[in-house]
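Fair warning: this is a prediction, and the values are worked out from it, not measured in the lab.
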Amino acid sequence: QDKKQQPVLLGWSQGALVAQLLAQKSPRMMSKLILYGSIYDPLVRYPRSPLYVTQQSQQEAHKNTFDMAIEDFTIEGTIPPEPARLFAEAALVSDPIKAVWKSLYQFNNCDPGRVNVPTLVIA
């Protein structure tokens with residue numbers, strides 16, 4: 001498909017890692033990549049869960065709260081209070097159950113050298 005018809009993918013915070021992995025794996029799915037506030041750190045290694053376990057632990061779903069929805073903005077000064085409040089309110093509408101990130105070890109595969117689409121990185 002023509003690159004001009006492909007979307008620009010924006011990944012924000014931990015979502016920037018997801019976007020980067022998609023760009024590494026399937027660069028033809030996007031025309032450009034924007035990584036905003038990525039938490040990528042080449043020195044961080046996420047542990048993998050044991051391959052074989054005798055009992056699977058079930059994590060209970062937790063109702064999302066304003067404080068949990070706004071936790072991306074815990075570093076003072078990273079975003080003005082009003083946009084942070086609006087984001088948290090929108091997150092509560094779209095995500096009433098708190099997301100539990102699983103398989104974080106997949107982020108160990110992030111490698112900026114393997115991104116082959118035009119990329120804008122915003123710290």
S.K.: Can you confirm whether S31 sits close enough to V117 that some side-chain heavy atom of one is under 4.5 Å from a side-chain heavy atom of the other?
M.R.: no
S.K.: Do the non-hydrogen side-chain atoms of W12 and V18 ever get within less than 4.5 Å of each other?
M.R.: no
S.K.: Could you give the side-chain donor-acceptor pairs of residues 86-96 under 3.5 Å, partners two or more places apart or in another chain?
M.R.:
unit_1 : atom_1 : unit_2 : atom_2 : d
E89    : OE1    : R85    : NH1    : 2.9
E89    : OE2    : R85    : NH1    : 2.5
S94    : OG     : A90    : O      : 3.1

S.K.: Quick check against the 3.5 Å criterion: does Q20 have a side-chain atom that pairs as donor or acceptor with the backbone of V115?
M.R.: no
S.K.: Side chains of I122 and L120: does their closest heavy-atom pair fall under 4.5 Å?
M.R.: yes
S.K.: Would you check if the side chain of Q14 reaches a backbone N or O of I39 as a donor-acceptor pair within less than 3.5 Å?
M.R.: no
S.K.: If we ignore hydrogens and angles and just use 3.5 Å, is the side chain of S38 paired with the main-chain N or O of A16 as donor and acceptor?
M.R.: no
S.K.: Quick one: does I34's side chain get under 4.5 Å of T119's, heavy atoms only?
M.R.: no
S.K.: Output yes when a side-chain donor or acceptor of S26 lies under 3.5 Å from a complementary backbone atom of M29, and no otherwise.
M.R.: no
S.K.: Looking at V44 and N108, what are the two nearest heavy atoms and their distance?
M.R.: O-OD1, 4.1 Å
S.K.: As an exercise, state the distance from CG of N116 to CG of L33, rounded to the nearest 0.5 Å.
M.R.: 11.0 Å
S.K.: For the OG1 atom of T65 and the CD1 atom of I70, what is their distance to the nearest 0.5 Å?
M.R.: 10.0 Å
